[in-house]
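For this chain, numbers begin at 1 and follow the sequence in order.
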Amino acid sequence: MRAFHNTCRHRGMMIAQGEGNARSLTCPYHAWSYGLDGRLRYVAGQEGFPDLDPEAHGLVPVRTEERGGLVFITIKEPISQGALDGLPDLIGPNQTVFEYSSFTDDANWKLLLETSMEGYHIKALHNKSFYPYGYDNLNIVETLGNNSRLVFPFRRIEKLRDKAASERRADGMLTYLYQLFPNTRLAVLSNHYLLVILEPVTVRQSRWVIYRLRPPTAAGAADDLEKSKRDAAFVKDTGVVEDRAAACSIQQGLAGEGNTHFTFGRFEKAAVHFHQNLRAHLSKLAELPPDQLQR
């Protein structure tokens, strides 16, 4: 597995756009072409560059690692293992993406991410969407290195009370929400997986990159896919919309002087864990010499 900076070594134009398959990577500006190994393979009008060393003009690689079904790319030298420490296997080889989307919101990425880090707001914010099917402020928080996992029960879990312990199964009774440090979350829902990457655009704007996947138990039949799509549509059109509106409202409020800080309670352990790790990483960055920050 390889990844490179998306910039031509001639005059710097971006080489790749969107998604898909290709046997080579060709710059649309002057048609310099690179192999999938990043090596410079072709220069149009090569006689105009008599001193060019092709070996020194390949695409610049970045650190790439696959773990738990996810691909992690680090542009600069890492200051820690980030999400990789304590990361469980999350996405299986037989899972497929059935929907991709991307859009921007007028809110800082941390505000958007925090909306899924606790269940303290379920009854208030999701009163007509999630609350009829779940509980308010009832969840388990586990920390996994820099990451965390929240477990939310559905109300239908009450049906297990009448079953012998040996017959109880959690399948379909729980939602698992993994917060992967720093800016990714994976929700394991009843009939689909929701993978969200939040990319900072500016201090006040963030880009969502969303992948919706079929669960590993899906048999591949059309009705299974429709079930996944219905599940995804419900989450997308209700709870996610409400969370986004809350984060954008908080961002607007930050323009005033009503708060010098925010207050987190014991119900918000995952958010506290996130900010503690973020502060620790920012402190490490502050200790680096300026030349290392620019690499």
Audit row: Trp109, Trp208, side-chain contact (heavy atoms from CB on, under 4.5 Å) steps and yes/no: CA-CA 9 Å; Trp109 65 278; Trp208 292 70; over 6 Å; no
Checking Phe49 against His10 for the side-chain contact (heavy atoms from CB on, under 4.5 Å) test, could you report, in this order, the C-alpha distance in whole Å, the side-chain angles of both residues, the deciding distance, and whether it holds? CA-CA 11 Å; Phe49 302 86; His10 173 216; 3.9 Å; yes
Could you check Leu186 against Thr184 for side-chain contact (heavy atoms from CB on, under 4.5 Å), going step by step and ending with a plain yes or no? CA-CA 7 Å; Leu186 175 69; Thr184 300; 5.9 Å; no
Test side-chain contact (heavy atoms from CB on, under 4.5 Å) applied to Thr238 and His126, step by step: CA-CA 8 Å; Thr238 57; His126 304 306; over 6 Å; no
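Heavy-atom neighbours of Phe264 CZ from other residues, nucleotides or ligands within 6.0 Å: above the threshold of 12. Heavy-atom contacts from other residues, nucleotides or ligands closer than 6.0 Å to CZ of Phe98 number more than 12. In this structure, Lys236 places its NZ atom where more than 12 heavy-atom neighbours from other residues, nucleotides or ligands lie under 6.0 Å away. When the shell of 6.0 Å around CD of Gln46 is examined, it contains 12 or fewer heavy atoms from other residues, nucleotides or ligands. Dense packing is recorded around OH of Tyr176, with more than 12 heavy atoms of other residues, nucleotides or ligands lying under 6.0 Å away. Residue Leu36 qualifies as enclosed at atom CG: its count of foreign heavy atoms under 6.0 Å is above 12. Other residues, nucleotides and ligands contribute more than 12 heavy atoms inside 6.0 Å of the CZ atom of Arg41.
Of the possible polar contacts, none joining the Glu199 side chain to the Arg207 backbone as a donor-acceptor pair under 3.5 Å is found. With hydrogens and angles ignored, the 3.5 Å screen pairs a side-chain donor or acceptor of Asp231 with a backbone N or O of Asn191. Remark: side-chain polar atoms of Thr64 are paired, donor with acceptor, to backbone N or O of Val62 under 3.5 angstrom. With hydrogens and angles ignored, the 3.5 Å screen pairs a side-chain donor or acceptor of Tyr34 with a backbone N or O of Arg9. Between the side chain of Gln179 and the backbone N or O of Ser116, at least one donor-acceptor pair lies under 3.5 Å. Between the side chain of Asp85 and the main chain of Gly145, no donor-acceptor pair closer than 3.5 Å is present. Listed for the Asp105 side chain is no donor-acceptor partner under 3.5 Å among the backbone atoms of Ser206.
Both the sub-6.0 Å distance and the 45° axial angle are satisfied by Arg155 relative to the ring of Tyr135.
Of the residues listed (Leu84, Asn277, Leu87, Leu180), the one engaging Asn146 in a side-chain contact (heavy atoms from CB on, under 4.5 Å) is Asn277, and it is the only one.
Between Glu55 and Arg39, at least one side-chain N (NZ, or NE/NH1/NH2) sits under 4.0 Å from a carboxylate O, which counts as a salt bridge. Ion pair Glu158/Arg161 flagged as a salt bridge, since at least one NZ, NE, NH1 or NH2 atom sits closer than 4.0 Å to an Asp/Glu carboxylate oxygen.
Leu254 CG to Arg204 CZ: the interatomic distance, rounded to the nearest 0.5 Å, is 9.0 Å. One distance of note links CD of Glu118 with CG of Leu150; it measures 8.5 Å at 0.5 Å rounding.
Within the 4.5 Å cutoff, the side chain of Val97 has heavy atoms near those of the Leu213 side chain.
For the residue pair Gln205 and Asp106, a side-chain donor N or O sits within less than 3.5 Å of a side-chain acceptor on the partner.
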